[in-house]
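All values below were derived from every heavy atom in this structure, side-chain atoms included, with hydrogens, water molecules and symmetry-related copies excluded. Counting starts at 1 for both ligands and their atoms, following the listed order. Numbers for residues simply follow the sequence, beginning at 1.
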Amino acid sequence: MSEPDLNGAYALSGPEDCLQLYAGWADSYDTDFAAGMDYLLPAQVAAAFLEVGSTGPVLDIGAGTGLLAAALRGLGFAGDIDGVDLSAEMLARAGTKGLYRALHQADITRPLPLSRGYRGMVSSGTFTHGHVGPEGLPPLLALAEPGALFALSVNAAVWEKLRFAPALERLGDVITGLDLREVAIYGTGARSRDPSHADDRALIVRFRKL
Ligand SMILES: C[S@@+](CC[C@H](N)C(=O)[O-])C[C@H]1O[C@@H](n2cnc3c(N)ncnc32)[C@H](O)[C@@H]1O
């Protein structure tokens, strides 16, 4: 079997596929993928979340190996951060970093076995090809406090394909202050590693729960 990579990740088609891919990717994800691709997205989401004044507790959605929590801590965020992810292997890596209050293994597209009360919801790299679409939003809203700030990346190539705009419009009576920012997912270091994805973009979707 070939090594896990971005093409494999983008070709996934559901939770079973995801579990298999990330079980084999968890050990090398930080050093091989994130460092090799000059992966900027966790830092972009962390900055977007913190620039409008944010408090915890925060839920990191599709937390993976903990890169977004590390970016939040790096920017000085001191509140509680919980993580949720489908993959036990990715969460095991995240757990070694001492960043999270709690880590939960769950599928975020289903009603979540977590207590409500989050004042922040962040996510990088999870709303993308073959992973999670807008169906992931209602279970997250159900866990958020009124006024909670969401900062979620959505891969720009799936924004229209998975119909994020109409899905957000349908949530119009439960969210407010929607704003979008387009950012680069990878830095210049990705050019030599994987030119076909080096220029990939994401939208950072920010809103508050009413
Ligand atoms: C590209 S990784 C991003 C990880 C981390 N946020 C980052 O930026 O490095 C996507 C993560 O989403 C998780 N994931 C995919 N589908 C999921 C689902 N339905 N529920 C929870 N996590 C999911 C995967 O297990 C994987 O850890």
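Not counting sequence neighbours, H104 has no partner by the ring pair (Phe, Tyr, Trp, His ring centres under 6.0 Å) test. Take D80 and apply the salt bridge (charged side-chain N to carboxylate O under 4.0 Å, His left out) test, not counting sequence neighbours, and it matches R101.
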One pair per line, please: each N/O atom of ligand 1 matched with every protein N/O atom under 3.5 Å away, atom names first, then the distance to 0.1 Å.
unit_1, atom_1, unit_2, atom_2, d
ligand 1, 6 (N), G62, O, 2.8
ligand 1, 6 (N), S124, O, 2.7
ligand 1, 6 (N), S124, OG, 3.4
ligand 1, 8 (O), Y39, OH, 2.7
ligand 1, 8 (O), S124, O, 3.0
ligand 1, 8 (O), S124, OG, 2.6
ligand 1, 9 (O), Y29, OH, 2.8
ligand 1, 19 (N), D107, OD1, 2.8
ligand 1, 20 (N), I108, N, 3.0
ligand 1, 22 (N), L86, N, 3.1
ligand 1, 25 (O), D85, OD1, 2.6
ligand 1, 27 (O), D85, OD1, 3.2
ligand 1, 27 (O), D85, OD2, 2.7

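The hydrophobic cluster containing L19, built from Ile/Leu/Val/Met/Phe/Trp/Tyr side-chain heavy atoms closer than 4.5 Å, also comprises L86.
Judged by distance alone, with hydrogens and angles left aside, the side-chain atoms of S153 form a donor-acceptor pair with the main-chain N or O of G125 at under 3.5 Å. Between the side chain of T128 and the backbone N or O of H131, no donor-acceptor pair lies under 3.5 Å. Side-chain atoms of Q44 come within 3.5 Å of backbone N or O of A184 as a donor-acceptor pair.
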